[in-house]
Amino acid sequence: MKRRLAYVVAAAACLVLAAPAAPALASAAGAPSTAEAAEPTESTESAETADAAEAEGRDGRSDRSAARQRRQALAALTSAGAVSAIAEIRDRDGVWRGASGVSDLATGAPVRGDGRFRAGSVTKVFVATTVLQLVGEHRIGLDDAVEKHLPGLVPNGANVTVRQLLNHTSGLWDPTNESGGIFPELFDPAVFRAWFADGGLQRTVTARQLVAASAAHAPYFVPGAEWRYSNTNYALLGLLIEKATGHEYGQEITRRVLRPLGMDDSSFPGSASAIPGPHAHGYWTIVDEAGPVRKTYVDVTEHNPTWAGAAGALISSTDDLVRFERALLRGQLLPAWLMREMTAAVPTEPGGHQLDYGLGLARYQLSCGPVLGHNGGIFGYDTQLWGTADRQVALSYTGRGDEKDEAAQITAMRAFLETAFCGGR
């Protein structure tokens with residue numbers, strides 16, 4: 001099975017969990033509980049060395065048990081081979097933060113729980129929120145044709161709507177995740193080494209170049225016929241924001257979302273390759289299979305993320321992402337009628353509802369109920385952001401290894417989400 005460069009909200013098959021029954025979650029989106037305290041307390045601990053640390057809350061025994069379960073679940077990610085894993089869980093009882101692993105294979109320095117990272121396709125929730133705000137201002141219509149706002153850019157654009165871009169039912173081909181797209185065959189060791197040595201990670205790919213690469217290929221299907229994840233959709237939505245507002249998509253999202261919420265760790269880097277502030281390093285694994293299998297870990301922390309753009313370029317922290325998720329699901333960013341539009345989801349697999357996809361926001365079924373959010377993957381970094389009105393969870397880990405290692409880390413990631421939402425408190 002070929003691994004993807006940018007994980008989709010992963011195909012539903014990648015997010016199926018097997019876990020014991022647990023208490024039901026509160027509604028995925030809705031009014032805050034009337035029993036909630038004004039401000040949660042905070043607990044920060046290392047997932048590997050926090051035996052003496054205890055999360056604070058109303059019931060000390062259950063709090064200690066929940067903290068221990070979370071600590072163990074986070075450490076399972078690094079035990080499965082991830083270089084580092086950091087997480088934050090916020091609910092009515094407090095804020096729990098955990099960290100496991102090292103920030104840098106070269107130095108072995110412990111990872112910082114407050115570090116920044118590339119959030120990948122979690123960016124899409126921010127883009128969708130901004131587009132929906134523009135819908136509320138009557139500057140864009142959900143059922144407007146793309147051709148109305150971006151004439152001549154998309155073949156058959158008169159039959160592709162803004163809604164179809166948001167929920168990935170446009171059928172537009174994805175040059176970031178398909179052979180023959182903007183990347184060579186990077187899982188071939190010789191190809192990756194040559195591309196990396198030639199500065200492949202530092203090349204600028206504009207949104208219009210990405211859309212042109214998509215337009216050069218036939219679509220997957222006629223608009224609205226099926227669901228298929230494509231980063232082309234969000235490259236177009238970034239251009240749509242710019243056309244409607246006169247500002248770059250990152251500037252507009254910063255003005256509307258990041259600044260009002262105090263998300264000081266978050267930024268849109270443009271073509272800048274560095275991650276500002278403290279951060280874990282991200283790695284790409286070269287697997288040489290000629291003779292004994294040999295794995296080489298290449299530091300890909302610094303790279304030009306323009307290819308991801310409005311589909312995945314955001315840099316953030318777990319604290320910032322949880323703050324955003326909380327505000328979104330509590331109705332602070334969109335009115336109720338637009339939240340209903342955002343959460344009206346289509347199945348990602350025929351006849352299945354393990355993972356449904358709305359307007360930039362996915363609904364993921366856990367053993368104790370549904371959660372809303374998105375995941376993201378970009379060179380070196382994997383992110384999960386999920387929540388309900390009462391509990392929000394952000395996880396970032398720096399994976400490494402071959403397909404077997406990756407599968408083990410995905411299993412551990414799913415188990416962490418089950419523990420975070422269904423395993424106590």
Side-chain angles (χ1 to χ4, degrees), residues 1-11 14 118-124 127 146 150 152-157 160 164-223 226-240 249 270-271 273 282 284-287 298 300 303-314 348 357 374-382 403 406:
M1 179 180 70
K2 180 180 176 181
R3 291 175 290 163
R4 293 190 169 193
L5 294 178
Y7 297 130
V8 302
V9 164
C14 292
R118 300 189 188 277
S121 286
V122 170
T123 307
K124 291 179 172 68
V127 170
V146 173
L150 301 170
L153 197 59
V154 178
N156 197 30
V160 176
Q164 290 165 348
L165 297 180
L166 285 163
N167 69 6
H168 295 292
T169 59
S170 71
L172 295 173
W173 192 77
D174 184 357
T176 68
N177 277 319
E178 300 285 2
S179 296
I182 62 173
F183 296 109
E185 296 295 327
L186 297 182
F187 295 102
D188 180 314
V191 170
F192 178 85
R193 287 188 172 98
W195 176 80
F196 183 80
D198 195 37
L201 274 177
Q202 304 306 327
R203 291 174 185 156
T204 293
V205 179
T206 68
R208 289 183 179 271
Q209 287 173 327
L210 192 147
V211 172
S214 173
H217 287 255
Y220 297 122
F221 46 78
V222 297
E226 300 177 32
W227 182 89
R228 183 151 176 170
Y229 195 89
S230 174
N231 285 322
T232 304
N233 295 319
Y234 278 74
L236 283 164
L237 289 167
L239 293 171
L240 184 61
Y249 78 89
S271 61
S273 61
W284 180 272
T285 303
I286 300 175
V287 182
V298 179
V300 293
H303 76 266
N304 179 341
T306 51
W307 68 270
L314 177 69
T348 60
Y357 201 95
H374 213 289
N375 77 344
I378 192 168
F379 287 102
Y381 300 88
D382 289 277
E403 290 184 10
E406 182 182 284

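Because the structure is a prediction, the values reported are computed rather than measured.
Ring to ring, F379 and W307 are close: their centroids are under 6.0 angstrom apart. Not less than 6.0 angstrom separates the ring centroid of W227 from the ring centroid of Y220.
Comment: D188 does not engage R193 in a salt bridge, judged by the lack of any side-chain N to carboxylate O separation of less than 4.0 angstrom.
Between H168 and Y234, the side chains place no donor N or O within less than 3.5 Å of an acceptor N or O (distance only, hydrogens not considered). No side-chain N or O of T169 forms a donor-acceptor pair with one of E226 less than 3.5 Å apart. The closest side-chain donor-acceptor pair between S271 and N304, if any, does not fall under 3.5 angstrom. Residues N231 and K124 bring a donor and an acceptor atom of their side chains to less than 3.5 Å of each other.
Here the OG atom belonging to S179 is positioned 4.0 Å from the CD atom belonging to E185, to the nearest 0.5 angstrom. With values rounded to the nearest 0.5 angstrom, F183 atom CZ is found 8.5 Å from N177 atom CG. Here the CD atom belonging to E403 is positioned 11.5 Å from the OG1 atom belonging to T285, to the nearest 0.5 angstrom.
The two residues A235 and L210 come nearest to each other via the heavy atoms CB-CD2, 4.1 Å. Among all heavy-atom pairs drawn from Q202 and H303, the shortest one is NE2-CA, 3.6 Å. Nearest heavy atom pair, residue V287 against residue P189, reads O-CG, 3.2 Å. Counting all heavy atoms, side chain and backbone alike, T232 lies closest to W173 at OG1-O, 2.7 Å. Scanning all heavy atoms of the two residues, the minimum distance from H217 to G180 falls at NE2-O, 4.0 Å. A310 and T123 get closest at one heavy-atom pair: O-CG2, 3.6 Å.
D174 has its side chain out of reach of L172: every pair of non-hydrogen atoms, C-beta onward, lies at least 4.5 Å apart. Looking at heavy atoms from C-beta onward, P175 lies in side-chain contact with S214 at the 4.5 angstrom threshold. Looking at T206 and T306, their side chains never come closer than 4.5 Å, going by heavy atoms from C-beta outward. Residues L239 and R208 form a side-chain contact, since some pair of their non-hydrogen atoms from C-beta on lies under 4.5 Å apart. Two residues are said to be in side-chain contact when any heavy atoms from C-beta on lie closer than 4.5 Å; N156 and P223 meet this criterion. Residues L236 and V154 meet the side-chain proximity criterion, which asks for heavy atoms closer than 4.5 Å. By the 4.5 Å heavy-atom criterion applied to side chains, N375 and V122 are not counted as neighbours. The closest side-chain heavy-atom distance from N233 to L166 is not below 4.5 Å.
Using cut-offs of 30° and 60° on the angle between ring planes, the pair F192 and W195 is tilted.
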**OP:** Run the numbers on L240 and Y249 for side chain to side chain contact (heavy atoms under 4.5 Å, CB included), then give the verdict.
**Re:** CA-CA 8 Å; L240 184 61; Y249 78 89; over 6 Å; no
